[in-house]
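The sequence lines fix the lettering, A, B, ..., with proteins before strands; numbering per chain opens at 1.
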Amino acid sequence: MSNNEMPKAYEPGNIEKKWYPLWEERKYFHGSANKDKKPYSIVIPPPNVTGILTLGHVLNNTLQDILCRYHRMKGYEVSWFPGTDHAGIATEARVEKFLRKEENTGRDILGRDEFIRRVWEWKEKYGGTIIKQLRTLGSSCDWEKERFTMDAGLSDAVQKVFVELYNKGYIYRGQRMINWCPVAKSALSDEEVIYRDVPGKFYHFKYPLSDGSGFLVVATTRPETMFGDTAVAVNPEDERYKHLIGKTVNLPLCNRPIPIVGDQHADPTKGSGCVKITPAHDPNDFEVGKRHNLAIINIMNPDASLNDKCPEEFVGLDRFTARDLTVKRMEEAGLLIKIEDITHAVGYSERGEVPIETLVSYQWFCNMKELAKPAMEAVASGKIKFYPERWTKTYFHWMENIQDWCISRQIWWGHRIPAWYNRDNNDEIYVGPGKPDKPGRWEQEEDVLDTWFSSWLWPFSIMGWPEKTADLEYFYPTATLVTGPDIIFFWVARMIMAGCEFMKEIPFKNVYFTSIIRDEQGRKLSKSLGNSPDPLDVIDQYGADALRFSIIYIAPVGMDIKYSNEKCEIGRNFANKLWNACRFRRMQGDATLTFKALDTETLANLSDDEKWMLGKLDNLVESVQTYLKDFQFHSATHDIYELVWSEFCDWFIEAEKQPLRKGGTDKERAMKVLDYALYRILRVLHPFMPFITEELAHQMGFLGDDESIMFAEFPETDGLFAANREAIALADGKFDLVRAGRALKTNYNLADGRKVNFHLKAADDAKLAYLQANADSIIHLLNAAEVTISLADYDSAANGAAPSQLCDLGTIYLPLAGLIDVAEEKAKLEKQKAELEKWIAGTKAKLNNEKFVSKAPAQVVADTRSALAQNEEKLERTLSLLKDLG
RNA sequence: GGGCGAUUAGCUCAGUUGGUUAGAGCGUUUGCUUUACACGCAAAAUGUCGGGGGUUCGAGUCCCUCAUCGCCCACCA
């Protein structure tokens, strides 16, 4: 292959499109039980089946892919289990919307069976887009194992778990206070409620005593719920009201007498000390109601409009309309005392833009207390480690206060609860995998289970549980879970509980919590804000490798990422740099084919620069492995970037141009070293940038057509760092010296291309020998005409002025004679010095004049001050240059 | 109310167990068609490490405190 087949700039598009299908065809991603290898497995956090790829997924899946590819290269048998989640409420809403729009039909028209059939149809046709998109990112998922949370096998797992927990007494059906979403018309778990601080009003009402002896004052933020009031509570110790306990008030607008009860819940120090009690719509009131045996009056329809338990003119009104009308009627009745503006936290439905309702309803619950115990122990003992570790605190806080989990949902898309009611026998309940074979009219529960009730089984259900599969035996428990901290309760904690309960074994050893991606202004990425870039467009523009590398490169550890597309230039430019380093090597000749291990002769004859480069690279190999062990992906990319760009390209390639130019054995050796180093770099980089590394490894002739870098051994230490510490320090010193020399040139406005002479005064005998041995290299790197090296100071008396710079290896001098007219330069500087001194003196006087400072516009004063500072600096530089000139 | 995190260059962020002169990328300035790369090369400028106090020979790093911002949880008749 000749060099002109490598374009000047790296073009990722076709190369990425070429490799991925090849990898997949060759089943490189597939893992199966293999006794000769150690297993390494990861389960993907299943994206919603309705989902499309977002930057969050990009980050998350890039990290998983890095781990998988790294371990594959380390010789593990790797399987990354992919799949999607049926996402009950979200998908049902999505398909419902689709059907309304396209066919003007929906749930209510189609009926349960047909609707579910249509959801499946939609899923087959439009679902799983994200799974295809993950391929463009380079994700090395074991696609043969792709699962869906509603697959038959996973449904079996869900049923088995439900029945088992029911039989253990953990799952029960009961009438409890729950969160109700009026849009989904379903119950939600506590975790699905999002609290937002919103402006609201606090209404103070009079509730007249039934005996006409006066009234009590109650306050509420929810006037419309008063139709569900079944008591007013006062504190039994409250001297103002204790004599009223047992009497009644007339509930306004309904004229229904309700009792005054004495209860601790009423706090005498708050408001009037009287509390209206609405057991059906407030968690505290529900408890009060239980204590006093109060009626529970649900006043709402499923869509949160008021029902027929309310006065006629309110029936059917939306809750917010009803609120206004209630207040109006109370005011008309002279029962409104005042309205205060307040800010309070209101619970919103996770999906909808609407406030949830708390109301009492019959639902299925799972008692989590016992399940939580081993799960807490698993993290406390360190069997499961969290990265960053601080999330354990959040985990324990939630687990220690864990509440019963409301698992039933009043929707159709999901796992239907395996419970049957005997309509002939007072709704006797049977729970089991199928309809009971017992007499009676048995009807299955209409409700389905919370989506997370299948997700929490994912790490083992995806491997075939409850069947005893080879995958389960070999790959469980998985190695690392990579996910966002926002689902620590929804998913992570529950998976740990499920693993401990049903597998008697933790589901993963590490949990790595990713950052949340925000836009440049720090806002969350969202569709409605339009600030959410489409990763496919980004990949199109910059390449998948560039996106992967950049997003890891900019991800601060454990904090939010501020992302913008321009940041992908980091990865794109880096890929281009690497491409051109390889292109340069190709221009020197064909691969040496000895790169896999340097032969002893080459090792014995390494130049100082080569020792330096191979030593630094060896050090990188070690540090990247350490970083990956600690999930410090960001540090790993920074170190690789620095080594490739600054050390390999800026210094080493430049230095190697010398031996390459010389030819003969020098050139041969240099090419071998370049090959050896490049192949090590490509392999270290492969987990991060899979496409370009595969392409280059082949372009460079490091691999045959039937080979892949995916299975090349990840570089281990070759001992060249430990062996060359001294050589590394010396070369670092040499490069410092070169840098100082270049700076001297720039200071005197000598163009890069201009060949000048330098003098080096070595710091000691050893350094003298080193500098002399490296004279050619130094001349080359400085682009110098001639460099004299000795232990002697530069003789400025004899040879004219020469500014110098002190370095570790010695002092570098730039003789100016012949380059610039010293006398003329000196005169120019003296003139400049005088002008500056005059200006500075005048300006200082001006600034010391209080009248100027106090009366001149602030901007003028500030400008004067900054100009002064600038000129003072300029003067300093001038003085320093004058000193150099002698 | 409880918890967690952040505050370092114009911007985005590194800074490992305290240890020479606090770093990078982007941006800015200057100069470069140097036998890979302008998606490039060389050089340069820029910091009260949020404020205050303390521990220490030594603090960006540890402790206390205050301030601001963000997130999570709980509560709110």
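Pair assignment for B/rC76 gives none, since no Watson-Crick or G-U wobble pairing has each distance under 3.5 Å. Here B/rA45 sits opposite no nucleotide as a Watson-Crick or G-U wobble pair (both hydrogen-bonding atom distances under 3.5 Å). When both pairing distances are held under 3.5 Å, B/rU33 makes no Watson-Crick or G-U pair with any nucleotide shown. Across all strands shown, B/rC69 is found opposite B/rG5 as a Watson-Crick or G-U wobble partner, with both distances under 3.5 Å.
When distances are taken from the side chain of A/Thr746 to each of B/rC75, B/rA43, B/rC4, the shortest belongs to B/rA43.
Applying the ring-ring contact (aromatic ring centres under 6.0 Å, His included) test between A/His638 and each of A/Phe574, A/Phe549, A/Tyr553 identifies A/Tyr553 as the sole match.
Between the OH atom of A/Tyr627 and the P atom of B/rA14 there is a distance of 14 Å, given to the nearest Å. Nucleotide B/rA36 holds its P atom 15 Å from the CD atom of A/Glu656, rounded to whole Å. Rounded to an integer number of Å, the gap from CG of A/Leu660 to P of B/rU35 is 15 Å. In this structure, A/Arg739 atom CZ and B/rU21 atom P are separated by 19 Å, rounded to whole Å.
Within the 4.0 Å cut-off from OP1 or OP2 of B/rC73, not a single side-chain nitrogen or oxygen of A/Trp391 is found. For A/Lys745 and B/rG31, the shortest distance from a side-chain N or O to OP1 or OP2 is not below 4.0 Å.
Under the 4.5 Å side-chain criterion, counting only non-hydrogen atoms from C-beta, A/Trp398 is not in contact with A/Ile488.
Projected onto RNA chain B by closest heavy-atom contact, A/Trp651 and A/His638 fall at different nucleotides, the more 5' of which corresponds to A/His638. Both A/Val275 and A/Phe489 lie near RNA chain B, and the one whose nearest nucleotide falls closer to the 5' end is A/Phe489.
A donor-acceptor contact under 3.5 angstrom links the side chains of A/Tyr563 and A/Asn565, judged on distance only.
Ring geometry for A/His204 against A/Phe202 counts as perpendicular: the plane angle is over 60°, on a 0 to 90° scale with 30° as the lower cut.
Scanning atom types as modelled, no donor and acceptor separated by under 3.5 angstrom connect the side chain of A/Lys393 and the base of B/rC4.
Taking the ring centre of A/Phe758 as origin, the terminal cationic atom of A/Lys745 falls outside the region bounded by 6.0 Å and 45° from the ring axis.
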